[in-house]
Amino acid sequence: MNIQAMTPAAEKIRLAETDDGTILFKVPFPKEMKDIQHMSPIIIKQPYHIDYIHSYGQDSPFFAGLANGKLLGTKCPKCKYTYGTPKAHCMECGSPTEWFELPEVGRIHTFTVCHRGGEEFLKETPFILVLVEWDKVDTLFLSRLVGVDTSKPSLKMVGMKIKAQFKRNAKFRPTDVYFVPAE
Amino acid sequence: MAFKKTRDVYFVSGGISKFAKARPEVTFQPMVKEAYDYALKDIGLENKQAQEVFDGSVASYFSDHFSRQLMAGIMIQDYLGLCPLPSHRVEAGGATGGVCFQEAYKNVASGVMDTCVAYGFETMSHVNTWKGNEFIALASDVSFDYPVGGFYSGYYAMMVVRHMQEFGTTVEQLAHVSVKNHINAFHNKYAQKRKRLTIKDVRNSEMVAWPLTMLDICVMSDGAACGILASEDGLKKIRKATGKDPKNLVKVTGIGRGTDAMRMSDRPHKKVILLAHEKASDYKDLKYPGIHSFRAGRTASKLAYEHAGIKDPLKEIDFVELHDAYTSSEIQTYEDMGLCKYGEGGKFVESGAPFLPNLDYGLGKLPRQGEMPVNPSGGLIACGHPVGATGLMQAVFALWQLQGSMKKHVGDDTIQVKNAKRGAIHSHAGTGTYVTVSILEKA
Ligand SMILES: [Zn+2]
């Protein structure tokens with residue numbers, strides 16, 4: 001078969017073009033090739049968005065707990081090390097851990113007031129981050145503290161008693177729990 | 001850990017691209033080439049000789065998000081004309097450059113290679129600053145930490161609040177670090193920020209995460225750095241190619257690395273890991289590392305000191321280039337590295353010990369000024385922090401210090417540490433998860 005006979009003239013062959021994406025009209029181009037290395041860089045915007053299918057995996061009971069107004073940690077049945085943020089296996093001895101309900105009231109171990117943040121959280125500034133400590137719990141828990149004046153941070157806040165509260169409608173994020181002053 | 005005797009490793013040459021907020025006129029490959037070409041030129045090596053002289057390389061960059069380019073390492077390897085030589089990419093957050101340097105060291109020390117090129121870069125200007133902060137915060141647990149308000153400055157602020165609570169460290173002491181490093185950088189042409197600041201300037205600048213202000217925190221940068229390491233046999237290959245002896249040799253005499261849990265909440269509250277010159281009784285009531293100290297930094301220091309045979313770092317090291325992404329982490333690192341005891345970092349900087357002896361910082365006479373210069377280059381706070389390049393940049397500055405060649409390379413010998421024989425470099429990843437310490441000595 002003669003392929004040429006079936007093909008239209010080259011100038012009639014076109015890749016389909018659309019109007020989306022970056023269109024820059026009349027891009028400057030030097031007359032002399034030797035001048036081309038002095039041209040300014042072309043800088044374009046490239047959007048990038050993706051939805052991840054994120055599984056909480058072995059930590060899922062923690063989020064189910066939050067949805068039911070319970071803050072869960074884990075405890076090692078073997079060496080008794082206790083986790084304020086759940087770990088499914090003990091970092092001390094490697095044993096599988098067991099779930100338990102953390103006390104409602106804890107204390108501020110440390111904190112900060114964020115006036116800036118990652119882009120996702122900028123609209124929420126200023127906000128307070130706290131690491132929460134509990135008696136007889138070996139590790140801490142990162143959370144938000146609300147109901148405290150963000151304009152007057154001081155070291156006096158360290159050690160302050162705070163208690164857990166839960167969002168009415170869980171979003172299945174660790175911020176389904178947050179802390180407020182307990183006294 | 002018992003270090004087995006391995007081959008001597010020489011750090012023969014290095015190069016740095018000028019760090020800048022943005023380098024839109026180039027993509028990352030030519031930026032690395034700037035640093036690479038500088039390193040070649042410094043030892044008189046022609047580019048076309050590289051294939052016969054070099055045995056391989058290690059590539060360093062932190063974030064695939066920032067460049068939106070997977071496998072950027074191989075694109076540097078081909079651009080530099082180093083294909084088909086062996087190479088691999090390393091990643092360890094902020095410590096990526098420090099790890100890269102050590103992996104290149106290991107290639108040579110082990111006998112796998114006689115010469116190895118360590119190169120690194122980061123292009124952080126391709127997203128806006130707050131999106132960049134979001135990317136960096138993804139280097140925290142995305143189930144438990146990031147969604148709470150992922151922000152590294154916030155994490156470090158919580159650590160320094162605990163340091164202040166535990167040891168009485170003050171915000172003015174933090175500001176001393178910023179003043180020192182910015183004024184040092186005034187004399188370093190590679191630095192991104194060259195400013196004469198006062199304690200007041202630092203405290204009055206915009207609050208980012210209490211108590212850390214804009215001037216307590218390093219900026220984002222585009223930049224690249226490169227180092228060339230060689231064995232005795234590697235030196236011979238270089239000599240053969242260039243027809244001259246590599247001069248001003250510097251040896252890598254110790255490497256150490258440590259780790260800690262990603263989530264700060266998981267960090268233990270136990271006993272201090274002691275350095276050779278410390279006693280358990282120094283820290284009777286201190287729970288360690290908690291949130292106030294970097295166990296990885298202490299571990300890295302301990303291993304590097306053991307490897308290099310250092311018993312008392314303050315007396316046996318002449319200067320340190322350390323990872324001051326935050327003024328607070330510089331103070332915490334003095335302690336991890338044993339330049340002072342845990343809890344004394346604030347007083348250490350206030351005493352003037354980590355300042356250069358010959359510079360006027362506008363702080364009056366400091367009692368211990370110049371005892372142990374820390375970040376004579378200006379550190380990350382002033383030089384910039386293009387993550388994958390940072391640890392290599394520190395290595396190159398340390399090399400030039402030990403060669404006594406600061407004037408030649410940075411154009412000013414004000415920040416030259418006089419008669420420097422031994423220096424330490426320290427590279428650190430997010431909240432102290434990976435830390436490296438390497439010891440360099442005049443050969
Ligand atoms: Zn256990």
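Values below: every heavy atom of this structure, side chains too, minus hydrogens, waters and symmetry copies.
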For B:K193, look at atom NZ and say whether over 12 heavy atoms of other residues, nucleotides or ligands are found less than 6.0 Å away. yes

In terms of heavy-atom pairs under 4.5 Å, which option from B:M159, B:H126, B:K270 contacts chain A the most? B:K270

A:S143, part contacting chain B, at a heavy-atom distance under 4.5 Å: backbone

Carefully, step by step, assess B:H269 and A:D138 under the rule side chain to side chain contact (heavy atoms under 4.5 Å, CB included). CA-CA 8 Å; B:H269 294 77; A:D138 293 299; over 6 Å; no

Does any non-hydrogen side-chain atom of A:R116 lie less than 4.5 Å from one of B:N133? no

Region of A:F127 in contact with chain B, defined by heavy-atom distances below 4.5 Å: side chain

Would you compute the distance between atom CD1 of A:I128 and atom CE of B:M158 and round it to the nearest 0.5 angstrom? 12.0 Å

If you count heavy-atom pairs under 4.5 Å with chain B, which of A:G57, A:C114, A:S40 comes out on top? A:C114

Looking at A:G84, A:G118, A:G117, A:P126, which makes the most heavy-atom pairs under 4.5 Å with chain B? A:G117

Look at the side chain of B:S265 and the backbone N and O of A:L142, then say whether any donor-acceptor pair between them is shorter than 3.5 Å. no

Derivation of the side chain to side chain contact (heavy atoms under 4.5 Å, CB included) call for A:H115 and B:E206: CA-CA 9 Å; A:H115 295 272; B:E206 189 187 330; 5.8 Å; no

With rounding to the nearest 0.5 angstrom, report the CG to CH2 distance, A:L129 to B:W210. 13.5 Å

Honestly, the part of A:F62 sitting under 4.5 Å from a heavy atom of chain B is side chain

Taking the side chain from B:S143 and the backbone from A:Y56, do they hold a donor-acceptor pair closer than 3.5 Å? no

For B:R68 and A:P47 the tightest heavy-atom approach is NH1-O, 4.4 Å

For the candidates A:M157, A:K45, A:Q46, which exhibits the highest count of non-hydrogen atom pairs separated by less than 4.5 Å from chain B? A:Q46

Apply side chain to side chain contact (heavy atoms under 4.5 Å, CB included) to residues B:N128 and A:E119 and explain how you reach the verdict. CA-CA 9 Å; B:N128 76 56; A:E119 195 173 71; 2.7 Å; yes

Take atom NZ in A:K167; do more than 12 heavy atoms of anything else shown fall under 6.0 Å from it? yes

Part of A:R173 lying under 4.5 Å from any heavy atom of chain B: side chain

Are B:F144 and A:F63 an aromatic pair by the rule of ring centers under 6.0 Å? yes

Answer whether the closest heavy-atom distance between the side chains of A:T110 and B:Q165 falls below 4.5 Å. no

So, for A:P41 and B:P24, which heavy atoms are closest and what is the spacing to 0.1 Å? CB-O, 3.2 Å

Calculate, to the nearest 0.5 Å, the distance between atoms CG and CD belonging to A:L155 and B:E166 respectively. 11.5 Å

Atom group of B:D141 that falls short of 4.5 Å from chain A, counting heavy atoms: neither

Looking only at B:G150, B:G149, B:A137, the option with the highest number of non-hydrogen pairs under 4.5 Å against chain A is B:G149

If you draw a 6.0 Å radius around NZ in B:K18, do more than 12 non-hydrogen atoms from other residues or ligands fall strictly inside? yes

Go through the atoms of B:K287 and report whether side chain, backbone, both or neither lie under 4.5 Å from a heavy atom of chain A. neither

B:H292 and A:H109 aromatic centres sub-6.0 Å: no

Counting only heavy atoms not in A:I53 (residues, nucleotides, ligands), do more than 12 fall under 6.0 Å from its CD1? no

Looking at A:N169, I want to see if its CG is surrounded by more than 12 non-hydrogen atoms of other residues, nucleotides or ligands under 6.0 Å. no

Is there a side-chain contact between A:L140 and B:M264, using heavy atoms and a 4.5 Å cut-off? no

Which bit of A:E124 is near chain B, if near means a heavy-atom gap under 4.5 Å: side chain, backbone, both or neither? neither

Interface moiety of A:L122 toward chain B, non-hydrogen atoms closer than 4.5 Å: side chain

Can you tell which part of A:V132 gets under 4.5 Å to a heavy atom of chain B, answering side chain, backbone, both or neither? neither

Any side-chain heavy atom of A:K87 sitting closer than 4.5 Å to one from B:D266? yes

Counting only heavy atoms not in B:F294, do more than 12 sit closer than 6.0 Å to its CZ atom? yes

State the CZ-CE distance between B:R263 and A:M91, to the nearest 0.5 angstrom. 8.0 Å

Can you say whether A:S60 sits under 4.5 Å from chain B via the side chain, the backbone, both, or neither, judging by heavy atoms? neither

With sequence neighbours left out, the residues meeting ring pair (Phe, Tyr, Trp, His ring centres under 6.0 Å) with A:F121 are B:Y146

Interatomic distance, B:M207 atom CE to A:T112 atom OG1 [nearest 0.5 angstrom]: 8.5 Å

One option among B:R162, B:M164, B:E134 has the most heavy-atom pairs under 4.5 Å with chain A, and it is B:R162

